[in-house]
Number of protein chains: 2
Amino acid sequence: MFTLAEENYLKAIFHLENDYGTGVSTNAIADKMDTRASSATDMIQKLADKKVISYQKYKGASLTKKGKSIAVNIIRKHRLWEVFLVEKLDFQWDEVHEIAEQLEHIKSDELIQRLDLFLGNPDFDPHGDPIPDKNGYIKPTEKKLLSKLKKNQQGICVGVKESSAKFLQYLDTRKIGIGSSIKVIDKEDFDQSMTIQVSNKQFFITKQISENLYLKTI
Amino acid sequence: MFTLAEENYLKAIFHLENDYGTGVSTNAIADKMDTRASSATDMIQKLADKKVISYQKYKGASLTKKGKSIAVNIIRKHRLWEVFLVEKLDFQWDEVHEIAEQLEHIKSDELIQRLDLFLGNPDFDPHGDPIPDKNGYIKPTEKKLLSKLKKNQQGICVGVKESSAKFLQYLDTRKIGIGSSIKVIDKEDFDQSMTIQVSNKQFFITKQISENLYLKTI
DNA sequence: TTTATTTTTTAGGCTTGTCTAAATTTTAAG
DNA sequence: CTTAAAATTTAGACAAGCCTAAAAAATAAA
């Protein structure tokens, strides 16, 4: 059995490997966990002892098969709870992350199986992230960062990379959500800022925004 | 903010005061928490420092207003989650306690308010225990232990005192549940065992059973 | 009321997960 | 290739919550 802290570290390492490739540095982990490098080292050693990460001093860490499976299961729980909060309890998509951070650690396989069924076996969470199935399989989704699109290309918003309340609220004010159709009207070479069109309205966004929106291109 | 351990101690003290009157001994708390008296003393001192219990060395502890309010809120959450598990996820009444023990510690007032609404503001949990309202008010319910009834008296089962899976499963095999009509056919003075009738069927129960079933007498 | 027993508290230790400060290793720069 | 900087690990401490063993207080018994 794994402690709360261990589970959170595993999840962090999973996300880091996903975003930046295999083999994660101590500093990256410490950063993600909002703690000190020395604390991260301690935990890394503990997780290595438990065979959920492979690790050589000074060389970074990566999840073992077992570690990955634990991490994915936590992510599955997190995303299912988010669906529950939005679909059943009428929370907004920017309100659910913190609560799901707590709910993801509830231990009961039966609970998650029943929750999944109750929710109608959803494929995506409210931010467009895929929900791993009970075997840990994550359906590969082809999606592209808006920042990668060129002038005149368009797509449907299928997810957000960042899911902080602030960013999501920003999107709400612009009426951008999962399913929105987005077209690049103009793109500035210098700073990668863009003018985009979302259902008749055009507006200006910075690189920071376009780098956090996933589209499925048409 | 209170830790998991602190919350569990507060809940334990609340139940003990409820069952055996105000002023709870260190040993009683240690027993309930399945820990050592010395550990209980440590925590009692910590809770006294935080002003959630009043305590004098060697004299036992009792909840302050603040402590009681925290304890009742945890119990409210526990019971609401139990309703969710049974009503929405189709768990049996003997399966929900352990999971609710975890869910009761999720921190979000908004969550509980919405859950309450989603469940239709239920008054009782699946074991017949009243659900405190958001102000901590618990509707006083008149209920009597089956063991207190005399020959020929009858009532409707409105709750169970003990709610272990084993006891609940025993009741299931006898088709006894919340709402069952129960009549005392015979009562043995010597060991308080009884013959009772539940919907046409008569059978024999020991004192251990009758002391854990609450009835509303007719 | 004096002694024996039970209850409760204190003292000292252990583990988890964190920290700061210092040492070590790796990487980058000249 | 040698030094400077950055990254990482080690050493030593601390709070929370638990433990065992021993001391102290309260209660019961003779």
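In what follows, every chain begins at residue 1, and chains take the letters A, B, ... in the order their sequences are listed.
The residues R76(A) and D116(A) are annotated as salt-bridged, a charged nitrogen and a carboxylate oxygen being separated by less than 4.0 angstrom.
Applying a 4.0 Å cut-off to non-hydrogen atoms, the residues of residues 8-21 of chain B that approach DNA chain D are Y9(B), listed by residue number.
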Would you mind writing out the side-chain donor-acceptor pairs for residues 164-171 of chain A within the sub-3.5 Å range, not counting sequence neighbours?
| from | atom 1 | to | atom 2 | distance (Å) |
| --- | --- | --- | --- | --- |
| S164(A) | OG | E162(A) | OE2 | 2.8 |
| S164(A) | OG | F167(A) | N | 3.3 |
| Q169(A) | NE2 | D94(A) | OD2 | 2.7 |

Could you tabulate the donor-acceptor pairs under 3.5 Å formed by side-chain atoms of residues 20-33 of chain B, not counting sequence neighbours?
| from | atom 1 | to | atom 2 | distance (Å) |
| --- | --- | --- | --- | --- |
| T22(B) | OG1 | E17(B) | OE2 | 2.6 |
| S25(B) | OG | A28(B) | N | 3.1 |

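Atom C1' of nucleotide dA7(D) and atom CG of D31(A) are separated by 12 Å, given to the nearest angstrom. Spacing between atom CD1 of I29(B) and atom C1' of dC18(D) amounts to 16 Å, rounded to whole angstrom units. Separating the CZ atom of R36(A) from the P atom of dT16(C) is a distance of 23 Å, rounded to the nearest angstrom. Atom CG of L47(B) and atom P of dC18(D) are 11 Å apart (whole Å). Atom-to-atom, CE of M43(B) to C1' of dC19(D) comes out at 14 Å; the value is rounded to the nearest Å.
In this structure, the nucleotide among dC19(C), dT18(C), dC19(D) sitting nearest to the side chain of T35(B) is dC19(D).
K66(A) is linked by a salt bridge (Lys or Arg N to Asp or Glu O under 4.0 Å) to nothing, counting only residues two or more places apart in sequence or in another chain. For the side chain to side chain contact (heavy atoms under 4.5 Å, CB included) test, residues two or more places apart in sequence or in another chain that qualify with F190(A) are E188(A).
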Show the distances under 3.5 angstrom between N or O atoms of the protein and N or O atoms of nucleotides 6-12 of chain C.
| from | atom 1 | to | atom 2 | distance (Å) |
| --- | --- | --- | --- | --- |
| dT8(C) | OP2 | N27(B) | N | 2.9 |
| dT8(C) | OP2 | N27(B) | OD1 | 3.4 |
| dT8(C) | OP2 | N27(B) | ND2 | 3.2 |
| dT9(C) | OP1 | Y55(B) | OH | 2.1 |
| dT9(C) | OP1 | Y58(B) | N | 3.0 |
| dT9(C) | OP2 | T26(B) | OG1 | 2.7 |
| dT9(C) | OP2 | T41(B) | OG1 | 3.0 |
| dT10(C) | OP1 | K57(B) | NZ | 2.6 |
| dT10(C) | OP2 | Q45(B) | NE2 | 2.6 |

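For S39(A), a side-chain nitrogen or oxygen approaches OP1 or OP2 of dC19(C) to under 4.0 Å.
Without hydrogens or angle criteria, E87(B) side chain to F84(B) main chain gives no donor-acceptor distance under 3.5 Å. Judged by distance alone, the side chain of K187(A) and the main-chain N or O of L149(A) form a donor-acceptor pair under 3.5 Å.
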For salt bridge (Lys or Arg N to Asp or Glu O under 4.0 Å), just list the numbers for R114(A) and E110(A), CA-CA rounded to whole Å, side-chain angles, deciding distance to a tenth of an Å, and then say yes or no. CA-CA 6 Å; R114(A) 284 172 184 266; E110(A) 182 74 13; 2.7 Å; yes
